[in-house]
Amino acid sequence: MVKDTVVNGASNAPHRSLYHALGLTPEEMQRPLIGIVSSYNEIVPGHMNLDKITEAVKLGVAMAGGTPIMFPAIAVCDGIAMGHRGMKYSLVTRDLIADSTEAMVLAHGFDGLVMIPNCDKNVPGLLMAAARLNVPTIFVSGGPMLAGRVGGKKTSLSSMFEAVGAYMAGKLDEGGLCEYENKTCPTCGSCSGMYTANSMNCLTEVLGMALRGNGTIPAVYSKRIELAKHAGMQVMELLRQNIRPLDIMTPGALRNAIAADMALGCSTNSMLHLPAIANECGIDFDLELVNEISARTPNLCHLAPSGPTYMEDLQEAGGVHAVLAELAKKDLLDTSCMTCTGKTLTENLAGVQNLDETVIRSIDNPYTKTGGIAVLRGNLAQNGCVVKQAAVAPEMLAHEGPARVFNSEEECIRVIYEGGIQAGDVVVIRYEGPSGGPGMREMLSPTSAIAGMGLDKQVALITDGRFSGATRGASIGHVSPEAARGGLIAYVCDGDRIKIDIPNRSITLCVGDEELERRKKEMPILQKEGITGYLKRYAQTVSSADKGAIINYKGA
């Protein structure tokens with residue numbers, strides 16, 4: 001075992017003395033050392049319960065004969081960081097999490113790992129670390145929040161942001177806004193819709209890195225504590241069988257994750273995180289693969305913000321595995337893949353049933369015959385851009401309109417709140433990409449403001465930044481190449497016609513080549529001032545969005 005290099009023999013007596021300083025007994029030193037990577041903190045609502053999850057995991061590890069040792073991982077709350085410079089520090093933490101976890105594990109010689117993330121960047125960051133380290137590893141998250149209730153209807157964080165838009169438009173009074181504020185987020189946990197955190201936690205199950213229920217058991221349910229204990233016990237079984245992340249996260253597992261993503265209607269942010277995880281696994285990931293899988297994978301779920309159901313409903317309907325069981329009926333999955341149960345996906349799906357076809361539609365009665373996410377290409381996005389088509393109103397699937405161009409999110413949101421966006425407009429927000437932002441901010445505020453004003457079925461938004469999983473409407477992100485690196489989005493002008501055709505996977509700036517060449521000569525690429533520290537280093541080394549916004553990527 002790895003720990004033998006730091007524990008056994010006379011030469012390691014100094015190391016043992018430091019373990020004694022931790023209060024470890026000789027008996028504990030002789031057992032496998034299991035690192036418990038806990039993202040617990042007191043600022044992220046999805047992480048405030050991770051102390052209890054951590055203690056349950058540690059108990060499970062100890063019951064199964066291991067020695068659990070906890071160390072932390074950082075976490076940013078995207079909701080709290082939204083709409084100001086703090087959002088520049090969201091995506092960038094994914095790589096900090098992966099790098100710092102690598103450093104801690106290799107510095108201390110752990111034999112196995114239990115990863116305890118919950119919110120947006122912790123899940124992919126720790127999956128990246130798991131692939132990179134390739135020691136036996138299992139995931140258990142903190143679980144989703146219960147839905148709020150306002151006026152007898154279930155609500156989630158996107159409802160709160162849209163309430164602000166309604167208030168700004170004079171459609172909701174101050175008392176109504178206050179009611180949303182106090183009732184929208186009623187418990188701890190990751191926000192209750194199919195946003196990025198819940199998307200990625202569901203995909204840990206599909207990838208085979210977490211036990212059934214990890215993506216859907218609510219944070220406040222005692223079943224979540226039981227799951228954590230079982231995860232702690234199961235990592236010891238993985239160690240005994242020497243089943244490692246790269247045995248589990250195979251090309252087949254990645255394709256399964258894309259298929260499940262399409263069926264569930266996951267956040268577009270998964271199209272940043274899956275390529276980054278694939279990169280750590282040594283697997284090529286081309287965005288065209290997404291369209292290929294989407295073309296044959298039906299969309300079975302309309303979870304908030306796409307529809308009226310929430311994570312708690314998905315749990316009651318049978319959870320992620322019930323969705324996988326529907327897909328398996330049409331051979332849309334590679335069920336031979338190994339999982340953290342020590343069994344194949346085929347074995348894990350035995351006896352699994354869809355318990356509520358109003359939440360998970362049957363494979364023969366999907367919402368659409370194609371998946372929830374589409375990759376568009378055209379002169380405006382030569383390397384691709386991404387839209388959550390499951391959250392787009394039918395009348396906006398094809399749209400052409402005049403561009404309203406903004407060089408930052410702040411410029412855009414100010415004009416939206418002033419009532420300056422008209423029906424039919426195509427809002428373009430640029431210089432918010434991975435390098436140009438830097439940090440590729442999520443833009444829930446402008447999309448929610450437009451939805452709250454009732455314009456989500458009349459206005460499209462396009463950006464080289466990204467959108468929250470809580471976004472709905474014709475919101476097209478990840479435009480690559482980005483403006484800061486000379487992408488055509490840098491040369492769009494107010495009034496230009498932009499044509500969007502989601503069913504045919506195209507996006508076109510309707511401006512002649514001669515005029516575009518003139519603009520490229522005359523319109524300078526903007527350089528943001530005052531970018532220092534980690535953000536400066538990140539901007540210099542990050543890849544484009546179509547490659548997953550990977551740092552130190554050679555093809556950046």
Side-chain angles (χ1 to χ4, degrees), residues 90-91 94 120 124 194-196 199-200 203 254 257-278 285-295 297 299 305-306 368 370-392 396-399 426-430 432-434 436-437 440-444 446-447 460-483 487-489 498 500-508 542-550:
S90 170
L91 179 60
R94 186 187 70 184
D120 297 29
M194 186 53 81
Y195 309 150
T196 306
S199 294
M200 294 309 301
L203 294 184
L254 262 294
I258 298 171
D261 189 307
M262 298 302 127
L264 286 162
C266 291
S267 165
T268 52
N269 282 315
S270 63
M271 295 300 105
L272 287 174
H273 301 322
L274 289 177
I277 294 162
F285 190 109
D286 190 304
L287 282 180
E288 278 307 303
L289 181 63
V290 175
N291 279 343
E292 289 175 20
I293 293 176
S294 178
T297 308
N299 178 233
S306 302
T368 58
T370 58
I373 289 177
V375 175
L376 315 183
R377 293 186 189 272
N379 65 347
L380 191 54
Q382 291 182 332
N383 295 340
C385 58
V386 179
V387 61
K388 186 173 182 178
Q389 63 180 350
V392 179
M396 287 298 293
L397 289 171
H399 178 77
V426 178
V427 175
V428 177
I429 308 174
R430 63 191 179 194
E432 292 287 5
M440 203 178 183
R441 288 191 289 182
E442 282 187 347
M443 298 187 207
L444 182 55
T447 59
L461 292 94
I462 297 173
T463 183
D464 54 6
R466 61 197 178 95
F467 293 114
S468 167
T471 291
R472 62 185 175 93
S475 302
I476 300 167
H478 308 191
V479 170
S480 302
E482 62 176 288
L488 194 60
I489 192 173
I498 295 176
I500 300 161
D501 189 342
I502 295 173
N504 289 306
R505 306 296 191 252
S506 70
I507 183 167
T508 306
V542 68
S543 80
S544 60
D546 63 295
K547 300 297 183 185
I550 302 162

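Throughout, residue positions are numbered sequentially from 1 according to the sequence presented. As the structure is a prediction and not an experimental result, all values here were calculated from the model.
Across Leu376 and Asp501, no two heavy atoms sit closer than the pair CD2-O, 4.5 Å. The shortest heavy-atom contact between Phe467 and Met443 is CD2-O, 3.7 Å. Nearest heavy-atom pair across Pro446 and Ile429 is CG-CD1, 4.3 Å. What you find for Pro434 and Ala545 is that their closest heavy atoms are CG-N, 4.0 Å. Residues Ser468 and Leu444 approach most closely at CB-CB, 3.8 Å, considering heavy atoms. Residues Asn379 and Leu488 come closest through the heavy atom pair O-CD2, 3.1 Å.
In terms of the side-chain contact (heavy atoms from CB on, under 4.5 Å) criterion, residue partners of Ala391 (sequence neighbours excluded) are, by chain and number, Ser306, Lys388, Arg472. Residues passing the side-chain hydrogen bond (donor to acceptor under 3.5 Å, both in side chains) test with Ser270 are Asp261, sequence neighbours excluded. Judged as a side-chain contact (heavy atoms from CB on, under 4.5 Å), and not counting sequence neighbours, the contacts of Asp286 are Glu288, Arg377.
Between Met262 and Val290, some side-chain heavy-atom pair lies under the 4.5 Å cut-off. At a threshold of 4.5 Å between non-hydrogen side-chain atoms, the residues Leu254 and Leu289 do not count as touching. Looking at His399 and Val426, their side chains come closer than 4.5 Å, going by heavy atoms from C-beta outward. Contact check for Leu380 versus Ile489: side-chain heavy atoms found under the 4.5 Å cut-off.
Taken from CD1 in Ile258 to SG in Cys266, the straight-line distance is 11.5 Å, to the nearest 0.5 Å. To the nearest 0.5 Å, atoms CE (Met200) and CG (Leu274) are separated by 5.0 Å. Atom NE2 of residue His273 and atom OG of residue Ser267 lie 7.0 Å apart, to the nearest 0.5 angstrom. Between Leu397 atom CG and Ile502 atom CD1 the span is 5.0 Å, to the nearest 0.5 Å. Rounding to the nearest 0.5 Å gives a distance of 7.0 Å between CG of Leu264 and CG of Leu203. In this structure, NE2 in His478 is found 4.0 Å from CG in Leu272, a value given to the nearest 0.5 Å.
Inspection of the Asn299 and Gln389 side chains reveals no N or O donor paired with an N or O acceptor under 3.5 Å. For the residue pair Ser544 and Asp546, a side-chain donor N or O sits within less than 3.5 Å of a side-chain acceptor on the partner.
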Self-check item: Derivation and outcome, side-chain contact (heavy atoms from CB on, under 4.5 Å), residues Cys385 and Ile507
Solution: CA-CA 9 Å; Cys385 58; Ile507 183 167; 3.9 Å; yes
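Counting only distance, with no hydrogens or angles, the side chain of Thr370 and the backbone of Ser294 share no donor-acceptor pair below 3.5 Å. Proximity of a side-chain donor or acceptor of Asp120 to a complementary backbone N or O of Thr196 within less than 3.5 Å is not detected. Remark: the backbone N or O of Ala549 is paired with a side-chain donor or acceptor of Arg94 at under 3.5 angstrom. Remark: the backbone N or O of Val375 is paired with a side-chain donor or acceptor of Asn291 at under 3.5 angstrom.
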